[in-house]
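Reviewing the structure listed below.
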There are 2 protein chains.
Amino acid sequence: MPETHTSAAEKILAVLDALAASAHAEPAGLTVAELGRAIEREKSVVSRQLKPLVELGLVERDPAGRHRLGWRLFSVAAQAGDQRLLMLAPPVMRKLARGLDERVHLSVRRDSSVLTVLTEGSGHAVQTVNWVGRLSPISCTSSGRALLFDHRAEELEGMFAAGVEPGAGPQAPATAAELIERVAAARERGYAIAVDEFEDGLAGVGAPVRDANGRIIAAINVSGPRYRLHDRLEDAGRHVSQATAYLSRAFAAPPPASASTDRIPVIPPPLQPGSHQQGHQPGAPQPAPSV
Amino acid sequence: MPETHTSAAEKILAVLDALAASAHAEPAGLTVAELGRAIEREKSVVSRQLKPLVELGLVERDPAGRHRLGWRLFSVAAQAGDQRLLMLAPPVMRKLARGLDERVHLSVRRDSSVLTVLTEGSGHAVQTVNWVGRLSPISCTSSGRALLFDHRAEELEGMFAAGVEPGAGPQAPATAAELIERVAAARERGYAIAVDEFEDGLAGVGAPVRDANGRIIAAINVSGPRYRLHDRLEDAGRHVSQATAYLSRAFAAPPPASASTDRIPVIPPPLQPGSHQQGHQPGAPQPAPSV
DNA sequence: GACTGACGTTGCAAAAATCGCAACGTCGAA
DNA sequence: TTCGACGTTGCGATTTTTGCAACGTCAGTC
């Protein structure tokens, strides 16, 4: 029997997620009733659930009765390591999603899969689903191949031999040679393209985000139905590359700050093409970024 | 009877807080047993509590069994408004706290009080307590007066008349005139000093952080026992001012990013003394930052 | 001005999740 | 091998959360 364990954490996260989603809406924030509809719970439940959250500062309620994420959430998040990328990415992704009007995802590598971490949707009725928190195969997605940019042929071969998850689309790479070739083409081009690979009819374009050392730490991709994207893959690729280049610079920029010097930190100039592998062993085993 | 309602949110936040605190420890992260000791719960409870948190991605567990804050927390936090300051501040505060070896707090205004949002402690056995999440009076603390830098005399007078919370120390301002004078002195000096105001024996030095428009959005202060600080108030003030000046620049810097231009955003040069009020009405009612 | 509908909150008994304790298997150090 | 600490799991007892219903409030409408 399906023991539907519903943990408290899950309930709370549902609330926080709904509030996060409402942060850019108009008007920002949710009332008790709205929140109840959003997470499909009784308003009485929401009302009671909100009380401790507000007391703890995880949620803020304005005089008009609208609820937003509270300062306490950030005071927790801020203490943790290098999560700057996740803070910098949303506005860039938003701009990209609006510009191309297709869903944008930010993903990181997780072992031999791709974990989607942030998203921004489009206005279409038909669009890629929100993939946040889910894993995708690394060999047949644009994000995946963007994350594989720096991998040598032998590594890709080994990975393929170890059995990466295959795609369900007709164009998914069937052999290690195909994967190697497509990764090489993507690196050459500056962005990865995957059409009818993960799923028939789905098209995507992705590019990698690099840290100050040139290591790939994440990928951003745009995806949507093939019939809308296939005529503008190049255009989308250019935009995605610009976005990731911007993020790579911005992420590398703020040195943890020496408060006592007057040096003004500056976001460094764009990486030279081909120069990003300096001081970086593409073959070195890359621990999955914990981001 | 004291109905000790212990909400799920509270339990979860305790876990996340402990993990946040461990983020900069050596080694980073906590095992189940360590976490149990930190939050004073049975390890069996912790073990079970952790399971859904890990599944949801709020917590990550590395192969060695150490737990850290997970990507999901940031993917929620990142969606919300302008929280960049809270992400930028911790390293600066850490540096400040280490350098002066006294506790550092970052606070924002909350109506007629000061809400402390982040902190970084010192190595001393005797030090200011961690004040995060608590309110302090605005008229008799260094953070409070830093937040009042831009207020005109009439406003301060009105505020005083409306009855701001008084300090418990012998030197707390007893009249509106005293408050006005001390705020003016602080603005002149560049940082606020409060000794024996909030509490007898407690000394603090604070300065304001400004956004791109010069509006005060937060304050950073250093505080500790008077006997350790009274000989170096000036030095501490200089350090705090430098830190807030840096943060003001850094906070103003990253324009939400136009991904499609090649303009490289640069952190702007330091504000000219006295120039920060351009285009800013000091008298305009300032909504409490929701940060 | 009464009426209507939506909002947010609260009592209450039922349902569900968590807790503390004890026990188990595992691992590394002595 | 023994020992201690770790992380996990079963179990009944305890605590918390849930759904429903009712209440007071408020704004807009007739």
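Just so we're on the same page: letters track the sequence lines, and every chain starts at 1.
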Hey, does the side chain of B:Arg48 come within less than 4.0 Å of D:dG10's phosphate (OP1/OP2), counting only N and O?
no
Please confirm whether the shortest side-chain N or O distance from A:Lys51 to OP1 or OP2 of C:dT9 is below 4.0 Å.
no
Any idea which of [options] is nearest the [X] side chain?
{"X": "A:Thr6", "options": "D:dT16, C:dA22, C:dA17", "value": "C:dA17"}
{"X": "B:Ser47", "options": "C:dT9, D:dT8, C:dC19", "value": "D:dT8"}
{"X": "A:Ser44", "options": "D:dT9, D:dG19, C:dG8", "value": "D:dG19"}

Terminal helix-axis angle for the helix from C:dG1-D:dC30 to C:dA30-D:dT1, with five pairs defining each axis and rounding to 10 degrees:
30°
Can you tell whether the side chains of A:Arg72 and A:Glu60 come within less than 4.0 Å, N to carboxylate O?
no
salt_bridge(A:Arg98, A:Glu120) N-O dist < 4.0 Å:
yes
Sidechain-backbone polar pair: A:Arg145 side chain, A:Ser139 backbone, donor-acceptor under 3.5 Å
yes
Exam field: side chain B:Ser47 to backbone B:Lys43, donor-acceptor pair closer than 3.5 Å
no
Rounding to 0.5 Å, atoms CG (B:Leu86) and CH2 (A:Trp71) come to a distance of 10.0 Å
Gap between atom CG of B:Leu50 and atom CD of B:Glu55 - 0.5 Å precision
11.0 Å
Is the closest side-chain heavy-atom distance between B:Leu13 and A:Leu58 below 4.5 Å?
yes
Tell me which residues in residues 27-43 of chain A lie within less than 4.0 Å of DNA chain D, going by non-hydrogen atoms.
A:Glu42
Both B:Ala64 and B:Ser7 contact DNA chain D. Which one's nearest nucleotide lies toward the 5' end?
B:Ala64
At their closest point, which heavy atom of A:Met159 faces which heavy atom of A:Ile138, and how far apart are they?
SD-CG2, 4.0 Å
Can you check the [X] [atom1] to [N] [atom2] distance for me, whole Å?
{"X": "B:Lys11", "N": "C:dA17", "atom1": "NZ", "atom2": "P", "answer": "13 Å"}
{"X": "B:Leu50", "N": "C:dT18", "atom1": "CG", "atom2": "P", "answer": "13 Å"}
{"X": "B:Leu53", "N": "C:dT18", "atom1": "CG", "atom2": "P", "answer": "10 Å"}

Side chain to side chain donor-acceptor pair (under 3.5 Å) involving A:Ser223 - partner list, sequence neighbours excluded
A:Thr128
